[in-house]
Trainee: 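Mind looking over this structure? Questions follow.
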Amino acid sequence: MAAASERPQPEAAKPLLGLLNGIAQAAYYGNAEITEELLRDQLYPDLAAQEFRALRAKMAGVVKSIASADMDPNQLEAFLTAQTKKPGGITNDQAVAVAKFWKSHRAKIRDSLINQSRWENTLRNMSWRVDVKSQSRHVDQLNSPVAIVEMELGKNGQESEFLTLELDETKLNQMLKNLAEIEGSITSLTQAT
């Protein structure tokens with residue numbers, strides 16, 4: 001398998017590489033313009049629609065299996081070898097094309113899957129300042145320092161949301177204590193591995 005991936009690609013591999021790229025564009029890179037019809041018309045115009053759907057489904061399944069396991073080169077070789085030996089699996093030429101595709105797309109697909117798996121917003125930026133209260137319902141809080149913390153939150157490709165916190169000395173100390181506990185937990189977990 002390794003020697004096969006180093007020989008020049010036959011002309012028949014170009015449409016398959018195009019199909020694999022199209023699958024990646026549609027499934028992992030969010031390109032809605034890549035449709036099944038477009039791929040068939042551009043890459044396999046002589047193939048019957050049902051045959052193309054079967055080929056596309058098979059290749060999409062192979063790419064999904066490889067991507068979900070984030071296969072390294074050794075795992076990929078073992079997986080593709082098993083796929084070529086399986087009845088109804090892929091051909092050796094298809095395996096070579098898939099290996100070439102995965103070698104060039106692994107990092108981008110992995111990053112895309114990580115971004116897609118984030119359910120919550122992430123902290124993009126944080127700024128702070130210390131102000132002195134000039135207005136308050138309670139006289140004893142006038143002229144007391146408060147920390148104003150502004151956090152920019154968001155997901156990749158989406159507009160940011162802003163969260164502003166006003167913390168007096170007591171609340172700030174409580175927050176710092178909680179953050180120190182979080183840091184301690186993370187440190188203990190990272191040192192254990």
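Heavy-atom basis, side chains included; hydrogens, waters and symmetry copies ignored.
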Trainee: Closest approach of Val130 and Pro145, non-hydrogen atoms and distance?
Mentor: CG1-CB, 4.1 Å
Trainee: Do Trp128 and Ile148 share a hydrophobic cluster, counting only Ile, Leu, Val, Met, Phe, Trp and Tyr and linking them when any side-chain heavy atoms are less than 4.5 Å apart?
Mentor: no
Trainee: Any ring-ring contact (aromatic ring centres under 6.0 Å, His included) involving residues 85-104? Give me the pairs, sequence neighbours left out, ordered by first then second residue.
Mentor: Phe101-His105
Trainee: Verify, without hydrogens or angle tests, whether Tyr44 (side chain) and Leu16 (backbone) share a donor-acceptor contact under 3.5 angstrom.
Mentor: yes
Trainee: Taking a hydrophobic cluster as the set of Ile, Leu, Val, Met, Phe, Trp and Tyr residues connected by side-chain heavy atoms closer than 4.5 Å, whether directly or through intermediates, do Phe162 and Val149 fall within one such cluster?
Mentor: no
Trainee: Go through the structure and list residues passing side-chain contact (heavy atoms from CB on, under 4.5 Å) with Asn125, not counting sequence neighbours.
Mentor: Glu152
Trainee: Which value, rounded to the nearest 0.5 Å, describes the distance between Ile34 atom CD1 and Asn21 atom CG?
Mentor: 9.5 Å
Trainee: Would you please test Leu19 and Phe52 for side chain to side chain contact (heavy atoms under 4.5 Å, CB included) and show each step?
Mentor: CA-CA 10 Å; Leu19 176 61; Phe52 177 76; 3.8 Å; yes
Trainee: With sequence neighbours left out, write down each residue that passes salt bridge (Lys or Arg N to Asp or Glu O under 4.0 Å) with Glu169, or none if nothing qualifies.
Mentor: none
Trainee: Quick check for you: to the nearest 0.5 Å, what is the distance between Lys171 atom NZ and Asn173 atom CG?
Mentor: 13.0 Å
Trainee: Quick one: does Asn92's side chain get under 4.5 Å of Val96's, heavy atoms only?
Mentor: no
Trainee: How many angstroms lie between atom CE of Met59 and atom CG of Leu39, to the nearest 0.5 angstrom?
Mentor: 13.5 Å
Trainee: Enumerate the side chain to side chain donor-acceptor pair (under 3.5 Å) contacts for residues 49-63, please, sequence neighbours excluded, ordered by first and then second residue.
Mentor: Glu36-Arg53
Trainee: To check you understand the geometry: which heavy-atom pair defines the closest contact between Ala147 and Leu172, and what is its length?
Mentor: CB-CD2, 4.5 Å
Trainee: Considering only residues two or more places apart or on different chains, which pairs with a residue in residues 178-187 satisfy salt bridge (charged side-chain N to carboxylate O under 4.0 Å, His left out)?
Mentor: none
Trainee: With hydrophobic residues grouped by side-chain heavy-atom distances under 4.5 Å, do Val146 and Leu167 end up in a single group?
Mentor: no
Trainee: Give the table of side-chain donor-acceptor pairs shorter than 3.5 Å for residues 69-76, with sequence neighbours excluded, one pair per line with atom names and distance.
Mentor:
| from | atom 1 | to | atom 2 | distance (Å) |
| --- | --- | --- | --- | --- |
| Asp70 | OD1 | Arg106 | NE | 3.0 |
| Asp70 | OD2 | Arg110 | NE | 3.2 |
| Asp72 | OD1 | Asn74 | N | 3.0 |
| Asp72 | OD1 | Gln75 | N | 2.8 |
| Gln75 | OE1 | Asp72 | N | 2.9 |

Trainee: Got a second to check how far Leu20's CG is from Ser104's OG, nearest 0.5 Å?
Mentor: 9.5 Å
Trainee: Is there a side-chain contact between Leu153 and Leu123 in this structure, where contact means two heavy atoms from C-beta onward sitting under 4.5 Å apart?
Mentor: yes
Trainee: Within a strict 4.5 Å, meaning less than it, do heavy atoms of the Leu55 and Gln94 side chains meet?
Mentor: yes
Trainee: Over all heavy atoms of both residues, which pair between Leu80 and Ala95 is shortest? Give the atoms and the distance, please.
Mentor: CD1-O, 3.4 Å
Trainee: Could you check whether any side-chain heavy atom of Tyr28 comes within less than 4.5 Å of a side-chain heavy atom of Lys108, counting everything from C-beta outward?
Mentor: no
Trainee: Which atom names give the shortest non-hydrogen contact between Gly18 and Leu43, and what distance separates them?
Mentor: C-CD1, 3.4 Å
Trainee: For residues Met175 and Leu165, determine if any side-chain heavy atom of one lies less than 4.5 Å from a side-chain heavy atom of the other.
Mentor: yes
